[in-house]
Amino acid sequence: MTQTTLRIASYNMRKAMGTDRKRDPDRVMRVIETLNADIVVLQEADMRLGPRPSALPVDQVTAQTGLIAVPVPSEVSIGWHGNAVLLSPDAKLVDVKHLNLPGMEPRGAMVVDFDLYDIPMRIIATHLGLMRRSRRAQLSALIAHLDEQSQRPTLIAGDMNEWSLNVGLGRLAHHFEIYAPGKSYHARLPLAALDRIAVDAALNVTDGGVCETDDARRASDHLPIWLDFTQSAGQ
């Protein structure tokens, strides 16, 4: 039987502020469409001040990207602490949780359960803190949350803010395989793999990479990353 291959992408869109210092939501949405992903996790998808309005026009996201934004408590944004999840229209949403995470600065995560092509999935979208001590506390909180949930094939995606490929994410590595499919920061001269996707044993990664189109190099200071995956045999 042929297995269904799905694609997840993660993208710190920096509130649609490009490396050319122009705020261009349409350019960001073109990049998202180019990813051809079933699941897109965004960071910095809303503004940080006031009511935190969306950095993308909420009423145009589906029309321009072909994806549907998972609901958040805000009436003016697609983001929770800047995190947003866009899903294929074929996905059947099961549950959404919005978590506040510990640390020196306000951080959060979205936990989204859904079924896609009869594959049960859980996506955790997050943007970890700038300090390693905060990142460790945030990862511990996420793992503790997962321990209390029913089991589903799970991915954790986002800007991990960790420059090292060898240390700093050990709490996550005990439970997941962490993929850094390429250097994604800075978009003009990629030097670090800050953006990563953690995958549990129920899923099998088949491919991955970094989107380096002209639009992507200009749309944000991060390049989007992506992974293709299937269910592991026997799942």
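Since the structure is predicted, the reported quantities are computational estimates derived from the model, not experimental observations.
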> When rounded to the nearest 0.5 angstrom, what is the spacing between CD1 in I68 and CD1 in I78?
Replying inline: 12.5 Å

>> For a side chain to side chain contact (heavy atoms under 4.5 Å, CB included) check, start with the C-alpha distance between V28 and S220, then their side-chain angles and the critical distance, and finish with the verdict.
In response: CA-CA 8 Å; V28 169; S220 170; 5.8 Å; no

> So F229 and T5, side chain to side chain contact (heavy atoms under 4.5 Å, CB included) or not? Walk me through it.
Replying inline: CA-CA 6 Å; F229 64 93; T5 298; over 6 Å; no

>> Can you confirm whether M110 sits close enough to V41 that some side-chain heavy atom of one is under 4.5 Å from a side-chain heavy atom of the other?
In response: no

>> The criterion is side chain to side chain contact (heavy atoms under 4.5 Å, CB included); which residues satisfy it with A180, sequence neighbours excluded?
In response: L165, A193, R196

> Thinking salt bridges, do D115 and R152 make one under a 4.0 Å N-O criterion?
Replying inline: yes

> Heavy-atom distance under 4.5 Å between the side chains of M29 and L56, does that happen here?
Replying inline: yes

>> Just so I know, are the side chains of D46 and S74 near enough to count as touching, which here means a heavy-atom distance under 4.5 Å?
In response: no

> R23: what forms a salt bridge (Lys or Arg N to Asp or Glu O under 4.0 Å) with it, not counting sequence neighbours?
Replying inline: none

> By side chain to side chain contact (heavy atoms under 4.5 Å, CB included), which residues pair with D59, not counting sequence neighbours?
Replying inline: P57

>> Taking ring pair (Phe, Tyr, Trp, His ring centres under 6.0 Å) as the definition, give me every residue that meets it alongside H98, ordered by chain and number, with sequence neighbours left out.
In response: W80

> Can you say whether the rings of Y185 and H222 are parallel (under 30°), tilted (30 to 60°) or perpendicular (over 60°)?
Replying inline: tilted

> Considering all heavy atoms of both residues, which atom of R188 and which atom of T19 are nearest to each other, and what is their separation?
Replying inline: NH2-O, 2.8 Å

> Excluding sequence neighbours, so at least two apart, what forms ring pair (Phe, Tyr, Trp, His ring centres under 6.0 Å) with H127?
Replying inline: none

>> Test of understanding: with salt bridge (Lys or Arg N to Asp or Glu O under 4.0 Å), list the residues that count as partners of R171, not counting sequence neighbours.
In response: none

> Which heavy atom of L223 sits nearest a heavy atom of A216, and at what distance?
Replying inline: CD2-O, 3.6 Å

> Do R107 and T126 touch side chain to side chain, with heavy atoms closer than 4.5 Å?
Replying inline: no

>> Show, in sequence, the C-alpha distance, side-chain angles and deciding distance for C211 and Y11, and conclude whether the side chain to side chain contact (heavy atoms under 4.5 Å, CB included) test is met.
In response: CA-CA 10 Å; C211 176; Y11 186 22; over 6 Å; no

>> Rounded to the nearest 0.5 Å, what separates atom CD in E212 from atom NZ in K183?
In response: 11.0 Å

> E148: what forms a salt bridge (Lys or Arg N to Asp or Glu O under 4.0 Å) with it, not counting sequence neighbours?
Replying inline: none

>> Just so I know, are the side chains of I39 and V112 near enough to count as touching, which here means a heavy-atom distance under 4.5 Å?
In response: no

>> I'd like to know if the side chain of R14 reaches the main chain of G18, judged simply by a donor and an acceptor atom lying under 3.5 Å from each other, with no hydrogens or angles considered.
In response: yes

> With distance as the sole criterion, is a donor-acceptor pair present between the side chains of S10 and Q43 under 3.5 Å?
Replying inline: yes

>> Among residues at least two apart in sequence or on other chains, which ones pass salt bridge (Lys or Arg N to Asp or Glu O under 4.0 Å) with D207?
In response: none

> Can you tell me how far the CG atom of D200 sits from the OG1 atom of T154, to the nearest 0.5 Å?
Replying inline: 5.0 Å

> Does V199 have any side chain to side chain contact (heavy atoms under 4.5 Å, CB included) partners at least two apart in sequence or in another chain, and if so, which?
Replying inline: L155, Y179, I197, L203, V205, L227

>> With heavy-atom distances below 4.5 Å as the criterion, would you say the side chains of V85 and F114 are in contact?
In response: no

> Got a second to check how far M13's CE is from I32's CD1, nearest 0.5 Å?
Replying inline: 6.5 Å

> At what distance, to the nearest 0.5 angstrom, does OG1 of T206 lie from CD of Q3?
Replying inline: 9.5 Å

> Any side-chain heavy atom of D38 within less than 4.5 Å of one from L116?
Replying inline: yes

> Within the side chain of E33, is there an N or O that forms a donor-acceptor pair under 3.5 Å with the backbone of G66?
Replying inline: no

>> If you define the side chain from C-beta out and look only at heavy atoms, does anything of H81 sit under 4.5 Å from N100?
In response: yes

>> Using the side chain to side chain donor-acceptor pair (under 3.5 Å) criterion, which residues pair with N204? Sequence neighbours excluded.
In response: none

> Has the side chain of T62 got a donor or acceptor atom that lies under 3.5 Å from a matching backbone atom of L67?
Replying inline: yes

> Counting only heavy atoms not in E105, do more than 12 fall under 6.0 Å of its CD?
Replying inline: yes

>> Going by salt bridge (charged side-chain N to carboxylate O under 4.0 Å, His left out), name the pairs with one or both residues in residues 86-102, residues two or more places apart or in two chains.
In response: D95-K97

>> Within this structure, what is the CG-OG1 distance for the pair L86 and T65, rounded to the nearest 0.5 Å?
In response: 5.5 Å

> In this structure, which one of R218, R217, R27 forms a salt bridge (Lys or Arg N to Asp or Glu O under 4.0 Å) with D20?
Replying inline: R27

> Considering residues at least two apart in sequence or located in another chain, which fulfil the side chain to side chain donor-acceptor pair (under 3.5 Å) criterion with Q64?
Replying inline: D26, Q60

> Is the side chain of S232 donor-acceptor paired with the backbone N or O of A201 at a distance under 3.5 Å, no angle test?
Replying inline: yes

> Do side-chain atoms of N83 reach the backbone of G108 as a donor and acceptor pair under 3.5 angstrom?
Replying inline: yes

>> Could you go through L6 and Y117, starting from their C-alpha distance and side-chain angles, then the distance that decides it, and tell me whether this counts as side chain to side chain contact (heavy atoms under 4.5 Å, CB included)?
In response: CA-CA 9 Å; L6 301 178; Y117 309 127; 3.7 Å; yes

>> With a 6.0 Å cut-off (strictly less than), is the heavy-atom count around CG of D147, excluding the residue itself, greater than 12?
In response: yes

>> Which heavy atom of A84 sits nearest to which heavy atom of A45, and what is that distance?
In response: CB-CB, 3.9 Å

